[in-house]
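Worksheet for the structure shown next.
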Amino acid sequence: MAVAMASGSTSLGLYTNLKPLVKQPFSRTGLFRTFFGFNPVLWLCISPRRLPSSVTTLVPKASSATAVEDGSYRETDSIPIPKVIIDQDSDPNATVVEITFGNRLGALLDTMNALKNLGLNVVKANVYLDSSGKHNKFAITKANTGRKIEDPELLEAIRLTIINNLLEYHPESSAQLAMGAAFGVLPPNQQVDVDIATHINIYDDGPARSLLCVEAADRPGLLVDLVKIITDINVAVESGEFDTEGLLAKAKFHVNYRGKAIIRPLQQVIANSLRYFLRRPTTEEASF
């Protein structure tokens, strides 16, 4: 699938009562269009802290007046690992989102309202139980088209919206999420060693595509950054799944190069590029 390249510059700001609080340049060079699509509209942010990612995303917060997120649990219970799954594979007509946090989640009406604030419709919702807890699943589409979400920036906004609501209504999840360091009341108890946590594997998935699996330390904007790195090598991303499991992010992408599976030399290029990006230290702009 062809990759469209674009360049430009714009400026993003955060406004309260129509007064700009933060304004910074945002450069767009070599942006991409793949299966996920590309929408140049960006929204920003959960916290006044700077995101350590190249992408800035607006995450609308649900109204606390309708806070019904809480499930039932005892304070003595051990804190489960929060999981957020964004699935582009299982439904051809909708993006499927699954949220798990032991048995602590309620109806998640505020989360659904926050997703609607992103211009999305929740077309189907269901809940099921297993040994890991209660799983809340939503099938969501874009309100203006009725189709599944293909823009990686909007997919990342969905992920951050859900995590933001988890941190707001379940502050105990802060210590179990990588985002807790930036947006939560408590930073994670453990630090992830990026060298140990980073795993990249590419498998054959038929003659026309390959399956790229990436596991890494989570951080805001990671989904967008991964897709951009892959498409910068002229590899097309057909579909995929992006899972947030506590401090880690796990992605599976169906990819191809000019309609064919990824050959070994190109697999090595992809792995090296991703490994370099995921293991490099993050440097604050203020340090220069």
Side-chain angles (χ1 to χ4, degrees), residues 43-49 51-53 57-87 95-118 120 122 124-140 155-192 197 217-223 241-250:
W43 299 316
L44 178 85
C45 176
I46 323 176
S47 159
R49 301 186 188 181
L51 294 179
S53 166
T57 308
L58 175 67
V59 180
K61 297 176 71 173
S63 169
S64 59
T66 57
V68 291
E69 303 288 288
D70 293 335
S72 59
Y73 62 92
R74 297 187 300 269
E75 290 186 2
T76 55
D77 291 345
S78 60
I79 300 176
I81 301 296
K83 296 182 181 180
V84 178
I85 297 173
I86 297 178
D87 178 7
T95 298
V96 177
V97 175
E98 182 176 328
I99 311 168
T100 308
F101 188 41
N103 292 315
R104 302 189 176 207
L105 298 179
L108 297 183
L109 296 181
D110 277 86
T111 295
M112 286 191 281
N113 286 333
L115 293 176
K116 290 179 181 178
N117 290 339
L118 289 174
L120 306 172
V122 178
K124 184 169 56 178
N126 62 70
V127 177
Y128 69 92
L129 299 172
D130 63 14
S131 59
S132 64
K134 181 165 65 173
H135 300 252
N136 297 69
K137 294 185 73 172
F138 310 117
I140 56 179
L155 290 170
E156 179 69 356
I158 292 168
R159 187 174 80 100
L160 294 184
T161 296
I162 294 169
I163 292 174
N164 182 49
N165 273 31
L166 266 176
L167 293 171
E168 180 177 356
Y169 294 103
H170 294 276
E172 74 276 12
S173 68
S174 175
Q176 299 278 39
L177 286 164
M179 306 296 182
F183 311 129
V185 294
L186 290 173
N189 296 323
Q190 301 176 352
Q191 295 294 323
V192 176
D218 192 23
R219 59 176 179 256
L222 182 59
L223 189 160
E241 179 180 311
F242 194 92
D243 302 352
T244 306
E245 296 186 12
L247 304 179
L248 298 176
K250 300 178 181 180

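This is a predicted model, so every value here is computed, not measured.
Closest heavy-atom contact between P188 and A178: CG-CA, 4.2 Å. The two residues N103 and K134 come nearest to each other via the heavy atoms OD1-N, 3.5 Å. The minimum heavy-atom distance linking G180 with L167 is given by the pair CA-CD2, 4.4 Å.
In this structure, the separation between CG on N136 and CD1 on I99 is 6.0 Å, given to the nearest 0.5 Å. With rounding to the nearest 0.5 Å, the separation of CG in D110 from CE in M112 is 9.0 Å. Rounded to the nearest 0.5 angstrom, T100 OG1 and L129 CG are separated by 10.0 Å. Taken to the nearest 0.5 Å, the CG atom of L160 stands 11.5 Å off from the CG atom of N165.
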Determine, step by step, whether K124 and V122 satisfy the side-chain contact (heavy atoms from CB on, under 4.5 Å) criterion, reporting the C-alpha distance in whole Å, the side-chain angles of both residues, the deciding distance to 0.1 Å, and the verdict. CA-CA 6 Å; K124 184 169 56 178; V122 178; over 6 Å; no
L247 vs D218, side-chain contact (heavy atoms from CB on, under 4.5 Å): CA-CA, chis, key distance, verdict: CA-CA 6 Å; L247 304 179; D218 192 23; over 6 Å; no
Determine, stepwise, if the pair L105 / L166 fulfils side-chain contact (heavy atoms from CB on, under 4.5 Å). CA-CA 9 Å; L105 298 179; L166 266 176; 3.8 Å; yes
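Considering only residues two or more places apart in sequence or on other chains, F101 meets the ring pair (Phe, Tyr, Trp, His ring centres under 6.0 Å) condition with H170. With sequence neighbours left out, S173 forms a side-chain hydrogen bond (donor to acceptor under 3.5 Å, both in side chains) with no residue at all. Residues passing the side-chain hydrogen bond (donor to acceptor under 3.5 Å, both in side chains) test with D130 are S132, H135, sequence neighbours excluded. Checked against side-chain hydrogen bond (donor to acceptor under 3.5 Å, both in side chains), T95 has the following partners two or more places apart in sequence or in another chain: Q88. Checked against side-chain contact (heavy atoms from CB on, under 4.5 Å), K137 has the following partners two or more places apart in sequence or in another chain: V96, E98, N126, Y128. Scanning for side-chain contact (heavy atoms from CB on, under 4.5 Å) contacts around A175 gives N189, with sequence neighbours left out.
Just one of I163, T161, L155 meets the side chain to side chain contact (heavy atoms under 4.5 Å, CB included) condition when paired with R159; it is I163.
At a threshold of 4.5 Å between non-hydrogen side-chain atoms, the residues I158 and E156 do not count as touching.
With respect to E172 and R104, a salt bridge is recorded, a charged nitrogen being found less than 4.0 Å from a carboxylate O.
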Side-chain donor-acceptor pairs under 3.5 Å in residues 80-87, sequence neighbours left out?
{"residue": "D87", "atom": "OD1", "partner": "D89", "partner atom": "N", "Å": "2.7"}
{"residue": "D87", "atom": "OD1", "partner": "S90", "partner atom": "N", "Å": "3.2"}
{"residue": "D87", "atom": "OD2", "partner": "S90", "partner atom": "OG", "Å": "2.6"}

